[in-house]
Enquirer: 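Okay, handing you the structure first.
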Amino acid sequence: MYVNAKIVIIGSGISGVAAAHRLVDAGFRNVRIIEATARSGGRIKTGRLGDNIIEIGANWIHGPSEENPVFRLACKYGLLDPEALAPENQAIDCGGHPPFVPNTFCSSGRKLNAEDVHHAQEMFAELLVEGSTFATQGGEPLVSVGDFIRSAVLQRAAEKWKDIDATTRSLRLCMITSMLKLECCINGSHSMDEVGLGAYGLYKTLPGLDCTFPGGYEGLVKNVMSELPSGLVTYNQPVRCVHWNNTERRENPVMVECDEERIAAEHVIITVPLGYLKKHQSTLFDPPLPLHKLHSVQRLGFGTNNKILVEFDEPWWDADCESIYLVWEDEDGMVDQVTDVQRSWIRKLCAFTVLKPTERYGHVLCGWIAGHESEYMETLSEQDVTHTVTQLIRRFTGNPTITPKRILRSQWFHEPWTCGSYSYPAVGCSEQDLENMVEPLPMKGSQSQPLQVLFAGEATHPCYYSTVHGALLTGWREADRLISHYSSMSPSKSKL
Ligand SMILES: Cc1cc2nc3c(=O)[nH]c(=O)nc-3n(C[C@H](O)[C@H](O)[C@H](O)COP(=O)(O)OP(=O)(O)OC[C@H]3O[C@@H](n4cnc5c(N)ncnc54)[C@H](O)[C@@H]3O)c2cc1C
């Protein structure tokens, strides 16, 4: 099949690249991607810290197994280590929370042992599973995941921890606070009080123990791009406005307005991040988005999760340690947000991932910090961040000599074409909001030319939002929508 219809894809992240690949493969000859920045990949962004390849954006393939299209592509292109390919690795089902070997430190400079941590961890894990059942069963007792966890912990602690001393009990509650902060990083939310309990369980996980790309996540994008005609992407060309439903131009009812070009098109696939859409929807569409779609854009959550990568000459963690958790001993209120952000933003940095294997990375930690505290951190100089992180580590280890060698942090909130990290179902959201996000324009029943504006990108996936595989699948979904539209047309109409 050869199709000449003009298709413009806005954004060259994985969803845009995947959509283009599918269309070109199906015989569409007039496909362009318009990208605001100088590179493809969007939130897949590989960088360097000294000699090390590090990820500034996406880190893992979540659920690397046959059902995961990112895993399948990574296998096809030979991008993974042998362990990730092992059937045993693919069979592990950890429900989105891989069992990393932990080291836990607390604010008085003590290292906790596994027994100290176990009870709080077990209760928290149970509650996350319970919290995700309301999406299918309804009847959620409270509006947010944060409220649910707090109230359930208090109730269960009164029964299960009634015989323990006050200090141990308080420490366990401090651990729950720390786990809530980490959950903010995983969800990309400021606080778990902003994540809707009713929709929390919409997110689905795949089997497989999360794995990384030894040569960098961007290798995935580069390999897919290498199969596209050269010159298909126009870089440094931000789209300012999508004029759609132009009834005078039946052939190409959409006009994509950029700073230096106006591009007539029959179909446009929008893949810009939800953060960008929230901020710019009023000027990005002419006519504006229909109200129900606009309200879903506003209702869905999009927050910030940043990384602070820190390199050391020597490790100060155990050889088998995969994750480091920090517990503040004065935080037993299970409040996952900081009151005085400017003074205490660092309290939100709750965990580090140890980059493995050591032979590849040396001694590098990836710190995680979400929310407004993370957005504030972005405004500080690298020197300030280094100083504060150093103080934090010295305090929690009780070792005043530890000094990082290098540091690099991401700044996703201030990235003008992203405006944050990823989406989550906020309080008040339902499945309907995700369906509204996906719906092409004009809406069903309209007399106008169909499928003028289509929507892809991670925030439009009904259950894999916030992930690379979710984003990739949405690109394929919208390409398939156009492919089946043209396949079902008579040859004369389809411009074959
Ligand atoms: C810190 C961090 C860690 C993450 N970790 C993981 C992980 O471990 N595993 C995982 O699966 N996912 C992870 N993710 C999420 C994952 O990176 C995203 O879900 C995925 O990359 C999104 O792809 P996308 O194509 O939807 O959007 P993007 O990659 O954001 O692509 C959108 C593109 O649109 C462009 N654009 C925006 N506005 C315009 C405009 N007006 N005109 C033209 N172009 C425009 C942008 O520049 C961008 O290139 C992480 C994300 C972050 C930020």
Side-chain angles (χ1 to χ4, degrees), residues 8-20 32-46 54-64 68-71 96 98 185-188 205-206 210-213 217-218 220-221 224 233-242 256-259 268-277 279-281 283-285 302-309 353 366-370 374 409-413 415-424 455-461 464-475 478:
V8 172
I9 298 167
I10 304 177
S12 198
I14 192 70
S15 59
V17 170
R32 280 183 75 177
I33 299 182
I34 307 295
E35 166 58 43
T37 68
R39 56 179 282 278
S40 286
R43 281 170 276 172
I44 296 178
K45 189 174 182 185
T46 304
I54 45 95
E55 304 294 355
I56 295 161
N59 217 66
W60 291 282
I61 303 181
H62 291 311
N68 187 326
V70 171
F71 177 70
C185 300
I186 294 168
N187 286 269
T205 58
L206 291 167
D210 292 4
C211 67
T212 55
F213 287 78
Y217 223 127
E218 266 190 40
L220 174 75
V221 181
V224 181
V233 187
T234 305
Y235 291 105
N236 300 309
Q237 182 89 295
V239 169
R240 300 294 177 190
C241 186
V242 176
V256 177
E257 185 188 330
C258 309
D259 290 343
V268 172
I269 305 180
I270 313 268
T271 78
V272 303
L274 176 62
Y276 182 88
L277 208 52
K279 196 166 172 188
H280 297 283
Q281 50 75 24
T283 51
L284 191 62
F285 298 98
F302 192 84
T304 304
N305 176 29
N306 273 309
K307 298 177 173 184
I308 304 181
L309 289 137
T353 300
C366 174
W368 299 99
I369 177 164
S374 186
R409 46 56 203 270
S410 61
Q411 291 168 295
W412 287 105
F413 182 69
E415 165 57 54
W417 312 106
T418 314
C419 313
S421 299
Y422 36 84
S423 61
Y424 64 91
F455 293 84
E458 57 82 12
T460 72
H461 197 281
Y464 300 141
Y465 46 82
S466 79
T467 66
V468 175
H469 55 283
L472 180 95
L473 287 168
T474 65
E478 295 312 311

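FYI, the numbering just counts along the sequence from 1. For ligands, and for the atoms within them, numbers begin at 1 and follow the listed sequence.
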Enquirer: Looking only at protein heavy atoms, which one is nearest to atom 6 (C) of ligand 1, and how far off is it?
Expert: A58 CA, 3.4 Å

Enquirer: Which protein heavy atom lies closest to atom 42 (N) of ligand 1, and at what distance to 0.1 Å?
Expert: V239 N, 2.9 Å

Enquirer: Does ligand 1 have a heavy atom under 4.0 Å from the side chain of W412, from its backbone, from both, or from neither?
Expert: side chain

Enquirer: Is it true that G420 lies under 4.0 Å from ligand 1, counting heavy atoms only?
Expert: no

Enquirer: Indicate yes or no: does an N/O atom of A36 lie under 3.5 Å from an N/O atom of ligand 1?
Expert: yes

Enquirer: Counting only nitrogen or oxygen atoms and a 3.5 angstrom limit, does W60 reach ligand 1?
Expert: yes

Enquirer: May I ask you to list the atoms of ligand 1 that are less than 4.0 angstrom from any heavy atom of G11?
Expert: 33 (C), 34 (O), 35 (C), 44 (N)

Enquirer: Which part of I10 is near ligand 1, with near meaning a heavy atom under 4.0 Å away: side chain, backbone, both or neither?
Expert: side chain

Enquirer: Just wondering, do T283 and R240 contact through their side chains at under 4.5 Å, heavy atoms?
Expert: no

Enquirer: Are W412 and N305 close enough that some pair of their side-chain heavy atoms sits under 4.5 Å apart?
Expert: no

Enquirer: Which heavy atom of K307 sits nearest to which heavy atom of E55, and what is that distance?
Expert: NZ-O, 3.0 Å

Enquirer: What closest approach, in Å, do P98 and D210 show between heavy atoms, and which atom pair accounts for it?
Expert: CG-OD2, 3.7 Å

Enquirer: Looking only at heavy atoms, is any part of E458 under 4.0 Å from ligand 1, and if so is it the side chain, the backbone, or both, or is it neither?
Expert: both

Enquirer: Assign the ring pair F213 / Y217 to parallel, tilted or perpendicular, where the plane angle (0 to 90°) is split at 30° and 60°.
Expert: tilted

Enquirer: For a 4.5 angstrom cut-off between non-hydrogen side-chain atoms, does L277 reach F285?
Expert: yes

Enquirer: Name the closest protein heavy atom to atom 38 (N) of ligand 1, giving the residue it belongs to and the distance to 0.1 Å.
Expert: V272 CG1, 3.4 Å

Enquirer: Go through ligand 1 atom by atom and flag the ones less than 4.0 Å from a non-hydrogen atom of G42.
Expert: 29 (O), 48 (C), 49 (O)

Enquirer: Return yes or no for this condition: an N or O of S410 is under 3.5 Å from an N or O of ligand 1.
Expert: no

Enquirer: Are the side chain of R43 and the backbone N or O of S421 linked by a donor-acceptor pair below 3.5 Å?
Expert: yes

Enquirer: Could you pull out the closest heavy-atom pair between W417 and Y276, with the gap in Å?
Expert: CE3-CE1, 3.5 Å

Enquirer: Please round to the nearest 0.5 Å and tell me the distance separating atom CD of Q237 and atom OG of S12.
Expert: 13.0 Å

Enquirer: Answer with yes or no whether I44 contacts ligand 1, where contact means a heavy atom under 4.0 Å from a ligand atom.
Expert: yes

Enquirer: Nearest heavy atom to atom 16 (C) of ligand 1 wins, so pick from L472, V468, N68.
Expert: V468

Enquirer: Out of all atoms in ligand 1, which are within 4.0 Å of some heavy atom of P273? Include the element for each.
Expert: 30 (O), 32 (C), 37 (C)

Enquirer: Going by the order shown, which atoms of ligand 1 are within less than 4.0 Å of some heavy atom of A471?
Expert: 22 (C), 23 (O), 24 (P), 26 (O)

Enquirer: Which ligand 1 atoms are under 4.0 Å away from a heavy-atom of N305?
Expert: 1 (C)

Enquirer: Under 4.0 Å from any heavy atom of G41, which atoms of ligand 1 are there?
Expert: 29 (O)

Enquirer: Which ligand 1 atoms, with their elements, are less than 4.0 angstrom from a heavy-atom of P238?
Expert: 42 (N)

Enquirer: Counting non-hydrogen protein atoms only, what is the nearest one to atom 15 (C) of ligand 1? Give residue, atom name and distance.
Expert: S466 O, 3.3 Å

Enquirer: May I ask you to identify the nearest protein heavy atom to atom 30 (O) of ligand 1, giving residue, atom name and distance to one decimal place in Å?
Expert: R43 NE, 2.8 Å

Enquirer: Quick one: does W368 get an N or O within less than 3.5 Å of an N or O on ligand 1?
Expert: no

Enquirer: Restricting to side chain to side chain contact (heavy atoms under 4.5 Å, CB included), what partner residues turn up for T212, sequence neighbours left out?
Expert: N59, W60

Enquirer: Does one side chain, of R32 or T234, offer a donor that lies under 3.5 Å from an acceptor on the other?
Expert: yes

Enquirer: Are K45 and R39 close enough that some pair of their side-chain heavy atoms sits under 4.5 Å apart?
Expert: yes

Enquirer: What protein heavy atom sits nearest atom 31 (O) of ligand 1, and how far away is it?
Expert: G13 CA, 3.3 Å

Enquirer: Taking distance alone, with N or O pairs closer than 3.5 Å, would you say E35 contacts ligand 1?
Expert: yes

Enquirer: Which atoms from ligand 1 have a heavy atom of S15 less than 4.0 Å away?
Expert: 24 (P), 25 (O), 26 (O)

Enquirer: I'd like to know if the side chain of N306 reaches the main chain of A370, judged simply by a donor and an acceptor atom lying under 3.5 Å from each other, with no hydrogens or angles considered.
Expert: no

Enquirer: Between the side chains of E458 and S423, is a donor N or O closer than 3.5 angstrom to an acceptor N or O?
Expert: yes

Enquirer: Counting only heavy atoms, which portion of W417 has something under 4.0 Å from ligand 1: side chain, backbone, both, or neither?
Expert: both

Enquirer: Would you check whether R39 has a nitrogen or oxygen atom less than 3.5 angstrom from a nitrogen or oxygen atom of ligand 1?
Expert: no

Enquirer: At their closest point, which heavy atom of P416 faces which heavy atom of C419, and how far apart are they?
Expert: O-SG, 3.5 Å

Enquirer: With respect to Y422, determine whether any N or O atom, backbone or side chain, lies less than 3.5 Å from an N or O atom of ligand 1.
Expert: no

Enquirer: Heavy-atom contacts under 4.0 Å between T474 and ligand 1: side chain, backbone, both, or neither?
Expert: neither

Enquirer: Looking only at protein heavy atoms, which one is nearest to atom 32 (C) of ligand 1, and what is the separation?
Expert: T271 O, 3.5 Å

Enquirer: Would you please test S40 and Y235 for side chain to side chain donor-acceptor pair (under 3.5 Å) and show each step?
Expert: CA-CA 8 Å; S40 286; Y235 291 105; 2.7 Å; yes

